[in-house]
Protein chains: 2
Amino acid sequence: MGTPYYQFCPVAKAMELLDERWTMLVIREMLAGSQRFTELRRGLPRMSPALLSKRLRELSAAGLVTRTEDHGGTRYLLTPAGSELEPIVVALGGWAVRWIGELGDPDLDPKLLMWDLHRHVNRPELPGGRLVVSFAFSDVPPRQRYWWLVCNDGEVDVCDRDPGFEATIGVRTALRTLIKIWRGDLDWAQAARAGALTVDGSGEMHRLLPRLFLLPGGRWAQAPAPG
Amino acid sequence: MGTPYYQFCPVAKAMELLDERWTMLVIREMLAGSQRFTELRRGLPRMSPALLSKRLRELSAAGLVTRTEDHGGTRYLLTPAGSELEPIVVALGGWAVRWIGELGDPDLDPKLLMWDLHRHVNRPELPGGRLVVSFAFSDVPPRQRYWWLVCNDGEVDVCDRDPGFEATIGVRTALRTLIKIWRGDLDWAQAARAGALTVDGSGEMHRLLPRLFLLPGGRWAQAPAPG
DNA sequence: CAGGATCCGGTCTGATACTG
DNA sequence: CAGTATCAGACCGGATCCTG
């Protein structure tokens, strides 16, 4: 737990626990479905494993997270107390979308975007068989420019090297543009019309793309905005 | 601003700013109506003035707070961006009331309670003339045991020494009990019936007491609780 | 009233390596 | 896979005293 505030105000009690660096992001990851240490690390690549381990222990001591052993691994799950933070996390996101427009270049991490896209693939929309979506980001250095999502049988994998299969859909755009779409600032069609995004693939694939991901943009918009 | 997370996720962008220690409490104080440096200090007695000053500068740079000079003082006001954090602060309080029941003795600070009661006096219910409410906390060391609220013409002052006027209402209880009432865990009548609280004063004053303060308890209860 | 200056100590970062 | 170990350095927060 964080350093105490020595205040009985519930806001202070909540923040003693929640305002430590990384804590809310760990909870965000768990709300997004990550349960294993390694999954959490993928969503929090700049957090050291030592610190992640410490935060998980703190959250577990506070009763927001349970730790269970299961066939060869540890699984972390949110308790009801942890899950009830969801509307707050969503509201924080909504607030930031409204008031923190500017993203610096270092915030634009392609591997985080791909990791999040991978878990928002709209499974019911997937055609049978394999679907490969390739991404090429014009504004990213060559080493991190090319990415693939390989969907097969409801499984989705992220690759940062050519998986060998031909892409069913190719998306060429700036990382910044795709992040705008992810946030809900822009939609696929708007970006394409503006020439900021090009889709390669059959007409069917063109029509599929906007439905392929359940992006969080909608949730930020739902977040309570008073007035 | 805090150390960056280097994530484009709006939750991360929000927390870069908001998860620094004390920041949310400064915002809570401003939402509660504090505008001057000294008022803020009274609500945040354990925060050093240097740090408060720094936080106010950060919040101002981030566009959540404006600083204006006015007759012999500096006044801090929330911008729309800052004010829009209100539902989040309330939701955090509600969450903590539901999930962090235990308050340690060091959390029970009588001067914070008196400071907060003083700003929640229900002005319209005040009778004309002077009203003096005395408090005696059975579970607090003598030095901080006795407090008075002096209401006069819509002005309310907190005293930690006998103001000299005879008390119109006397409240004798444990600090812990009064804090439970403040949080909404208990109401005045319940506490009195249970023998945990004694009111001295006329019958009229007995009837006034439960309406004398607009306690935040109701707001925590309103806070969105999913499921 | 609204802070500035200073110093100390704790915490986080970041890198690397190791383990059951 | 799910961490622990270690270590240097940066940075932050706490405390105290001081000022226009």
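The chains referred to below are lettered A, B, ... by the order of the sequence lines, with proteins before strands, and numbering in each begins at 1.
- You'll find that the side chain of A:Glu20 is closest to C:dC12, out of C:dT13, C:dA2, C:dC12.
- Within the 4.0 Å cut-off from OP1 or OP2 of C:dT11, not a single side-chain nitrogen or oxygen of B:Arg21 is found.
- A parallel orientation is assigned to the rings of B:Trp115 and B:His118, their planes being inclined by less than 30° (bins at 30° and 60°).
- Applying the 4.0 Å criterion to OP1 and OP2 of C:dC1, one finds that B:Arg36 has every side-chain N and O outside that range.
- Under 3.5 Å, the side chains of B:Ser53 and B:Arg57 contain a donor-acceptor pair of N or O atoms.
- Taking 4.0 angstrom as the limit, A:Arg57 places a side-chain polar atom (N or O) nearer than this to OP1 or OP2 of D:dT4.
- With no hydrogens or angles considered, no side-chain donor-acceptor pair links B:Arg67 and B:Thr74 at under 3.5 Å.
- Summarising the geometry, the separation between CZ on B:Arg75 and P on C:dA2 is reported as 10 Å, rounded to the nearest angstrom.
- Set against D:dG13, D:dA2, C:dG4, the side chain of B:Arg55 has D:dG13 as its closest nucleotide.
- Using a 3.5 Å distance cut-off with no hydrogens or angles, the side chains of A:Trp99 and B:Glu84 do pair a donor with an acceptor.
- Note: A:Cys159 SG to A:Phe135 CZ = 12.0 Å, rounded to the nearest 0.5 Å.
- A:Met15 has its side chain within reach of B:Leu92: a pair of non-hydrogen atoms, C-beta onward, lies under 4.5 Å apart.
- Closest contact between the side chain of A:Thr38 and the listed nucleotides D:dC1, D:dG13, C:dC1 involves D:dC1.
- Ranking C:dG4, C:dG14, D:dT4 by closeness to the A:Arg46 side chain, first place goes to C:dG14.
- Distance CG (B:Leu44) to P (D:dG14): 12 Å, rounded to an integer number of Å.
- Rounded to whole Å, atom C1' of C:dC12 lies 11 Å from atom OH of B:Tyr5.
- Side-chain nitrogen and oxygen atoms of A:Trp22 include at least one within less than 4.0 Å of the OP1 or OP2 phosphate oxygen of C:dT13.
- The side chain of B:Ser53 lies closest to C:dG4 when the candidates are C:dA2, D:dT4, C:dG4.
- Projected onto DNA chain D by closest heavy-atom contact, B:Glu58 and B:Pro49 fall at different nucleotides, the more 5' of which corresponds to B:Glu58.
- Among D:dA15, C:dG14, D:dT4, the nucleotide with an atom closest to any side-chain atom of B:Ser48 is D:dA15.
- When distances run from any side-chain atom of A:Thr74 to the nucleotides C:dA2, C:dC12, D:dA2, the shortest one goes to D:dA2.
- Distance, A:Glu69 CD to C:dG20 C1': 12 Å, rounded to whole Å.
- Closest approach to the A:Phe37 side chain among D:dA2, C:dA5, C:dT13 is made by D:dA2 (side chain taken as heavy atoms from C-beta onward).
- One can place NZ of A:Lys54 at 14 Å from P of D:dA5, the figure rounded to the nearest angstrom.
- One can place CG of B:Leu52 at 11 Å from P of C:dG4, the figure rounded to the nearest angstrom.
- Rounded to an integer number of Å, the gap from OH of A:Tyr6 to C1' of D:dG14 is 12 Å.
- Look at CG on A:Leu56: it is 14 Å from C1' on D:dT4, rounded to the nearest Å.
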